Asks: 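Quick one: this structure, given as structure tokens, is what I'll be asking you about.
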Amino acid sequence: MYSVLLLCGGLAGVTTVLFGFGGGFVVVPLLYTLLIAVHGSDSAAGLAAMHIAVATSTALMIFAASMATWRHHRRQTVQWHLVRPLVGYIAMGAVLGAAVAVSLSGNWVRWVFIGYLCITIADAVLRPGFLHQTGSDVRPMGRAVTAMTGTCIGTVAALLGVGGSVMTVPLMRRRGASMTAATAMANPLSLPMAVSGTATYVLLSANHTALGNGYAGYVDLRALLVLAVGSWLGIHLASIWIGRIPDRIHAKVYLLLLTMVLVVMVFIH
């Protein structure tokens, strides 16, 4: 199990630094599947598999998004003047999203995850502005739109444990950003969600003692450690590709990865 998690962490690191995923689209379906396979669907861990997967993925983002942000910052690909206004609103939304996730059954969270993936993929394919870069500069948002958008990003990202990429990349893409710029901004915007969301998951599920040792609430600490090591390796290896992937190919691969995760989540339960 841990060798698979190490490989998964490496893949999460690659997708974090190159696509801004924060690891969630890799970690959530794989950890969910592993928990069911190892513990069985009727065990305490099996019954809470989706909550554990989402909470552990959110915790991993603190590490992975921090490292990826630093790598992008060194390459000067992060547009900080667009990132800073969203940070506080994303953190507030993350508290709400994590609280909602804890109150829902694991199966509901899984289907919300699947539904959101479907909407994101369809929107990117059918609506102009994602597959082609529409401008050289990113158009800024007004205060009201920033507040509403930031809160929504934090809520959805923490609810599903997927980081901000699923919303920030399409958003920034349609405002004129290149894929490199959009994914670079997704990483620091995942950090406030990860910190607030993880703290909320731990606090609201602290009395869930049936999972036994090795858990902080729903966060699987042993899996988190292995995933973090793998993530570091993946980020280290993939950083050489920052800014080197052709924009159109970068956008298509982003959608291909989302589609692969959707298939896994639909057919494995």
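Quick note: numbers below take in every heavy atom, side chains included, and nothing from hydrogens, waters or symmetry partners. Just so we're clear, the structure is a prediction, and the values are computed from it rather than from any experiment.
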Asks: For V38, check side-chain contact (heavy atoms from CB on, under 4.5 Å) against everything at least two apart and list the hits.
Replies: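 M1.
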Asks: Could you pull out all residues at least two apart from R74 that satisfy side chain to side chain donor-acceptor pair (under 3.5 Å)?
Replies: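 Per chain and number, R74 pairs via side chain to side chain donor-acceptor pair (under 3.5 Å) with no residue.
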Asks: Between the main-chain N or O of D220 and the side-chain N or O of T56, is there a donor-acceptor pair closer than 3.5 Å?
Replies: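 Confirmed, T56 side chain pairs with D220 backbone.
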Asks: In Å and rounded to the nearest 0.5 Å, what is the OG1 to CE distance from T16 to M67?
Replies: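 T16 atom OG1 to M67 atom CE measures 10.5 Å (nearest 0.5 Å).
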Asks: State plainly whether the residues K252 and D247 are in salt-bridge range, i.e. N to O under 4.0 Å.
Replies: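 Salt bridge absent between K252 and D247.
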Asks: What residues, two or more places apart in sequence or in another chain, satisfy side-chain contact (heavy atoms from CB on, under 4.5 Å) together with I121?
Replies: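 In terms of side-chain contact (heavy atoms from CB on, under 4.5 Å), with neighbours along the sequence ignored, I121 is linked to V125, L258, T259, L262.
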Asks: Report the residues that fulfil side-chain contact (heavy atoms from CB on, under 4.5 Å) with M141, sequence neighbours left out, ordered by chain and then residue number.
Replies: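 Checked M141 against side-chain contact (heavy atoms from CB on, under 4.5 Å); matches are L86, V145, T146, T149, L171, R175.
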Asks: Quick check against the 3.5 Å criterion: does S43 have a side-chain atom that pairs as donor or acceptor with the backbone of G40?
Replies: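 A pair under 3.5 Å: yes.
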Asks: How many angstroms lie between CH2 in W111 and SG in C118, if you round to the nearest 0.5 Å?
Replies: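 Rounded to the nearest 0.5 Å, the CH2-SG separation comes to 8.5 Å.
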Asks: List, by chain and then residue number, the residues other than I62 in its hydrophobic cluster (Ile/Leu/Val/Met/Phe/Trp/Tyr, side-chain heavy atoms under 4.5 Å); write none if there are no others.
Replies: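 Cluster partners of I62: V195.
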Asks: Under the rule for side-chain contact (heavy atoms from CB on, under 4.5 Å), what residues qualify as partners of T155, not counting sequence neighbours?
Replies: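 Listed in chain order: L96, T151.
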Asks: Can you pull out every ring pair (Phe, Tyr, Trp, His ring centres under 6.0 Å) where at least one residue sits in residues 244-264? Sequence neighbours excluded, please.
Replies: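 Checked against ring pair (Phe, Tyr, Trp, His ring centres under 6.0 Å) - neighbours excluded - the pairs reaching residues 244-264 are F19-H250, F21-Y254, F130-Y254.
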Asks: Please give the remaining members of the hydrophobic cluster of Y89, linking ILVMFWY side chains under 4.5 Å, ordered by chain and number.
Replies: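 Noted: Y89 shares its cluster with M92.
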Asks: May I ask whether V266 and L257 are part of the same hydrophobic cluster, defined by side-chain heavy atoms of I, L, V, M, F, W, Y residues being less than 4.5 angstrom apart, directly or through others?
Replies: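 Yes: a chain of side-chain contacts under 4.5 Å links V266 to L257.
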Asks: What's the separation between atom OG1 in T168 and atom CG in N187, rounded to the nearest 0.5 Å?
Replies: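 Reported to 0.5 Å precision, the distance equals 8.5 Å.
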Asks: Looking at residues at least two apart in the chain, or sitting in another chain, which of them share a side chain to side chain donor-acceptor pair (under 3.5 Å) with H72?
Replies: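 H72: side chain to side chain donor-acceptor pair (under 3.5 Å) contacts with T77.
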Asks: Atom CE in M193, atom CE in M61: separation rounded to 0.5 Å?
Replies: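 Separation between the atoms: 4.0 Å.
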Asks: Are the side chain of R75 and the backbone N or O of R71 linked by a donor-acceptor pair below 3.5 Å?
Replies: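 No: the side chain of R75 does not pair with the backbone of R71.
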Asks: Find the distance between CG (L47) and CD1 (I36) and round it off to the nearest 0.5 Å.
Replies: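 The CD1 atom of I36 is 8.0 Å from CG of L47, to the nearest 0.5 Å.
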Asks: Are L131 and L18 connected in the hydrophobic side-chain network, where two residues link if heavy atoms are under 4.5 Å apart?
Replies: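 Shared cluster, yes.
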Asks: Could you tell me which residues satisfy ring-ring contact (aromatic ring centres under 6.0 Å, His included) with W241, sequence neighbours excluded, listed by chain and number?
Replies: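 Expected list: none.
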Asks: Is there a chain of hydrophobic side chains (I, L, V, M, F, W, Y, each step under 4.5 Å between heavy atoms) that links L34 to V27?
Replies: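 Yes.
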Asks: When you look at NE2 of H39, are more than 12 heavy atoms from neighbouring residues, nucleotides or ligands closer to it than 6.0 Å?
Replies: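 Enclosed: over 12 neighbouring heavy atoms sit under 6.0 Å from NE2 of H39.
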Asks: Is there a path of hydrophobic side-chain contacts, each under 4.5 Å between heavy atoms of I/L/V/M/F/W/Y residues, joining L11 to L237?
Replies: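 Unlinked, L237 and L11 end up in two clusters.
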Asks: Give the other cluster members for L225, using side-chain heavy-atom distances under 4.5 Å between Ile, Leu, Val, Met, Phe, Trp and Tyr residues; answer none if it is isolated.
Replies: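 Other cluster members: none.
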Asks: If only atom types and distance count, is the side chain of S231 paired as donor or acceptor with the main-chain N or O of L227 below 3.5 Å?
Replies: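 Such a contact is absent between S231 side chain and L227 backbone.
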Asks: Using 0.5 Å steps for rounding, measure from the OG atom of S190 to the CG atom of L60.
Replies: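 That separation rounds to 11.0 Å.
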Asks: Decide whether L203 and Y201 are clustered together by the hydrophobic rule: side chain heavy atoms of Ile, Leu, Val, Met, Phe, Trp, Tyr closer than 4.5 Å, transitively.
Replies: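 L203 does not cluster with Y201.
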